[in-house]
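Atoms considered below: every heavy atom in the structure, side chains included; atoms not considered: hydrogens, waters and symmetry mates. Given the structure is predicted, the values throughout are model-derived calculations rather than measurements.
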Amino acid sequence: MIDAAEIIRTGTSILFITLDSLRYDVARTALDEGLTPHSANLLPEGSWERRHTPGSFTLPAHMAFFSGFLPKLPQPEQPPRLWECGPPAFKTAAKETLVLESSNLLNGLAEHGYRSACIGGVTYFSRETPLGSVLPDMFDENHWRPEFCSPEMDSTRH
């Protein structure tokens, strides 16, 4: 288990990547067939872990992630949460959980001296509409261009 408090205490850089609409079966097959050769070096134990997102599409999933609700294992028993944002007085966080007294992860990290930057690839990061500003407004720095979006075949390269 990652020790989030130790990461924060030491000022270690954090890279938080969300892969929109990533299906476990497709990702696992691509990894097993060698189509994503660098993934194994980045994944815990070199493999994907089946998880269920707390939101059924991009906006609620991302809002949940940045509020401390990461994807869960498909089983009743769950490991302690990595972080939790300002839990109510009646709730006790696990000792392994980093409690941030903030409304979201990014504000909590800022209170510990971190700066945040996002590169959004969906319209929820585009700033083209009021809703498209909600997520980027959470970051110190944000970047979005149409060529970052999923209809673009080379969006990741861009």
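Nearest approach of Pro80 to Glu96, heavy atoms of both residues: CG-OE1, 3.5 Å. Closest non-hydrogen pair, His158 versus Arg145, comes out as O-NH2, 4.1 Å. Between Phe69 and Pro54, the shortest heavy-atom contact is O-CG, 3.2 Å.
Judged purely by atom type and a 3.5 angstrom limit, Arg50 has no side-chain atom pairing as donor or acceptor with the backbone of Pro74. No donor-acceptor pair closer than 3.5 Å links the side chain of Thr97 to the backbone N or O of Val99. For Thr123 (side chain) and Ser126 (main-chain N/O), no donor-acceptor pair under 3.5 Å exists by modelled atom type. Looking at Asp140, its side chain never comes within 3.5 Å of a backbone N or O of Ala117 through a donor-acceptor pair.
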**Request:** Mind running side chain to side chain contact (heavy atoms under 4.5 Å, CB included) on Leu135 and Met63 for me, showing each step along the way?
**Result:** CA-CA 8 Å; Leu135 288 169; Met63 291 300 292; 3.5 Å; yes
**Item:** Intermediate values then yes/no, side chain to side chain contact (heavy atoms under 4.5 Å, CB included), Tyr124 and Val134
**Value:** CA-CA 8 Å; Tyr124 295 115; Val134 171; over 6 Å; no
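Among residues two or more places apart in sequence or in another chain, the ring-ring contact (aromatic ring centres under 6.0 Å, His included) test is passed with Phe16 by Phe66, Trp83. For Ile14, the side-chain contact (heavy atoms from CB on, under 4.5 Å) partners two or more places apart in sequence, or in a different chain, are Ile7, Ile8, Leu109, Tyr114.
For Ile119, the CD1 atom counts as loosely surrounded, since its 6.0 Å shell holds 12 or fewer non-hydrogen atoms of other residues, nucleotides or ligands. Crowding of His52 atom NE2: a count of heavy atoms from other residues, nucleotides or ligands under 6.0 Å exceeding 12.
For residues 59-80, every residue pair satisfying the side-chain hydrogen bond (donor to acceptor under 3.5 Å, both in side chains) rule, not counting sequence neighbours, is listed here: Thr18-His62.
Linking ILVMFWY side-chain heavy atoms closer than 4.5 Å, directly or via other members, places Met138 and Trp144 in a single hydrophobic cluster.
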